[in-house]
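Before any comments, here is the structure.
Worth knowing before you read on, the calculation uses all heavy atoms, side chains too, and leaves out hydrogens, waters and symmetry mates. Everything numeric in this text was worked out from a predicted model, so none of it was measured. Proteins get letters first, then strands, A, B, ... in listed order; numbering begins at 1 in each.
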Amino acid sequence: MTLASSTQQVCFLVLAAVVVGGSLGVVLLPNIVYSAFLLGGVFLGVAGLYLLLNASFVAAAQVLVYVGAVNVLILFAIMLVNKREAMAEIPGLALRRLLSGLVCGGLFALLLRVAFTTRWALPGPLPVGEEATIRIGEHLFSDYLLPFELASVLLLMAMIGAIVLARRDVFSSDVITGEPADQGLIEKSRTPLLLEKPAPTPSLQETAP
Amino acid sequence: MSPDAAIPLQAFLSVAALLFCTGVWGLINSRNAVRVLMSIELMLNGVNINLMAFSSYLDGQLIRGQVFTIFVITVAAAEAAVGLAILLSLYRNRETVDMERFNLLRW
């Protein structure tokens, strides 16, 4: 991709503003649904930055995986756990925020100092530009073959683990000891998550150990 | 990048550093468990921008940073799936997403 340098600079400034403002919104906005949508905006802005770096394949992967999968997953999780609850006040919360803000600001200053005082070996070798996708394919099937295969195993493990963790089966008896399970758990597994739960009946409370 | 690059390398590094620090702040201060996961994604994206910038400016022929970025994206997807499943399971057991009430392992 060959753009005039002024066009590149304008694109970079716009994308950086989107990324930085979006990330601040993700962290600071009180409504978490807005945060999730802003997170999608941040991911798209990062994909734009990758395009500015001549990495079209990684930009496409970023859009597909982050915006298409991770962000949608987060939105589904918000939908599933969306209970409006008044969180209990914590003493010293403002002080904690201030202190952690100072620490993060210090980290930021340190990173900036490293970035601006190090003598990078610039200009580096001539970039491959549009051939980046071909190079990535060669890497993945020669010197990065083992990590590539391990990544597939990792994804399979994550998929099975997520299914096992998130499914709602409750056995009627304990698998190991054979004792009958807690009736409250079985009742809970039959109740859909999104319904308003009725007040617990006294009889259930009594039978529960 | 060509030797007279339009955008200096430090500009990318600064954006990445700001994204990472925002993620760290959100990770520490969020009360909502879903927002903690979102902050982790922000941090991973900051790291990815760093990798991509270095790969393009300093390693233009063997773009190893881009391969690393692809692996990071893969691991991030797996992490998000497992993390949200754990969150769902936690919510089912504790009926809250408040991080301050997940204190079963506090010493």
* Quick one: pull up OG1 in T69(B) and CZ in F57(A) and give me the separation to the nearest 0.5 Å. => 11.5 Å

* **Top of V114(A), I74(A), L150(A) for chain B proximity - count of heavy-atom pairs under 4.5 angstrom** => I74(A)

* To do: Pick whichever of Q61(B), E79(B), E100(B) has the most heavy-atom pairs under 4.5 Å with chain A.
  => Q61(B)

* Selection from N71(A), V70(A), V103(A), L93(A) maximising heavy-atom pairs under 4.5 Å formed with chain B -> V70(A)

* Asked: Is a side-chain N or O of Q9(A) found less than 3.5 angstrom from the main chain of I7(B), in a donor-acceptor match?
  -> no

* Asked: What do you reckon, is CZ of F68(B) surrounded by more than 12 foreign heavy atoms closer than 6.0 Å?
  -> no

* Does the side chain of W25(B) reach to within under 4.5 Å of the side chain of L28(A), using non-hydrogen atoms? -> yes

* Asked: Roughly how far, to the nearest 0.5 Å, is CG of L18(B) from CG of L24(A)?
  -> 6.5 Å

* Structure fact -> Of the listed A81(B), P8(B), S39(B), A77(B), the one with the largest count of heavy-atom pairs under 4.5 Å with chain A is A81(B)

* To do: Drop me the distance from F76(A)'s CZ to L88(B)'s CG, to the nearest 0.5 angstrom.
  => 12.0 Å

* Geometric class of the Y144(A)/F71(B) ring pair [parallel <30°, tilted 30-60°, perpendicular >60°] -> tilted

* Report the distance from atom CZ of F116(A) to atom CG of L9(B), rounding to the nearest 0.5 Å. => 9.5 Å

* Given the options S6(A), G105(A), A55(A), A69(A), which has more heavy-atom pairs under 4.5 Å with chain B than any of the others? -> A55(A)

* To do: Answer with yes or no whether the side chains of N45(B) and Q62(A) bring together a donor and an acceptor at under 3.5 Å.
  => yes

* Asked: What distance separates L49(A) CG from S56(B) OG, expressed to the nearest 0.5 Å?
  -> 12.0 Å

* Which one of V82(B), I63(B), L37(B) has the most heavy-atom pairs closer than 4.5 Å to chain A? -> I63(B)

* Can any side-chain N or O of R96(A) pair as donor or acceptor with the backbone N or O of N29(B) at less than 3.5 Å? -> no

* Any donor-acceptor pair under 3.5 Å from R35(B) side chain to V26(A) backbone -> yes

* Using a cut-off of under 4.5 Å on heavy-atom pairs, state which of A61(A), C104(A), A151(A) scores highest against chain B. => C104(A)

* Choice from I28(B), V75(B), V24(B), N32(B) maximising heavy atom contacts with chain A below 4.5 Å -> N32(B)

* **Min side-chain heavy-atom separation V67(B)-F148(A) under 4.5 Å** => no

* **Any donor-acceptor pair under 3.5 Å from R64(B) side chain to H139(A) backbone** => no

* Asked: Any idea which of A16(A), A132(A), G22(A) has the most non-hydrogen atom pairs under 4.5 angstrom with chain B?
  -> A132(A)

* Proximity breakdown for F20(B) and chain A, heavy-atom pairs closer than 4.5 Å -> side chain

* Can you see which heavy atom on G26(B) is nearest to which on V27(A), and at what distance? => CA-CG1, 3.6 Å

* Asked: Which one of L111(A), V65(A), L73(A), T7(A) has the most heavy-atom pairs closer than 4.5 Å to chain B?
  -> L73(A)

* Taking all heavy atoms of Y91(B) and all of L80(A), pick out the closest pair and write down the distance. => CE2-O, 4.0 Å

* Asked: Shortest non-hydrogen contact from S35(A) to M38(B)?
  -> CB-CE, 3.7 Å

* Under a 4.5 Å cut-off applied to non-hydrogen side-chain atoms, are T22(B) and F108(A) in contact? -> no

* Rounded distance (nearest 0.5 Å) linking atom CG of L62(B) with atom CD1 of I136(A) -> 12.5 Å

* Asked: Would one find more than 12 heavy atoms of other residues, nucleotides or ligands at under 6.0 Å from atom CZ of F37(A)?
  -> no

* Verdict with reasoning, V81(A) to V34(B), per side-chain contact (heavy atoms from CB on, under 4.5 Å) -> CA-CA 9 Å; V81(A) 302; V34(B) 183; 4.1 Å; yes

* Answer whether the closest heavy-atom distance between the side chains of L15(A) and V15(B) falls below 4.5 Å. => no

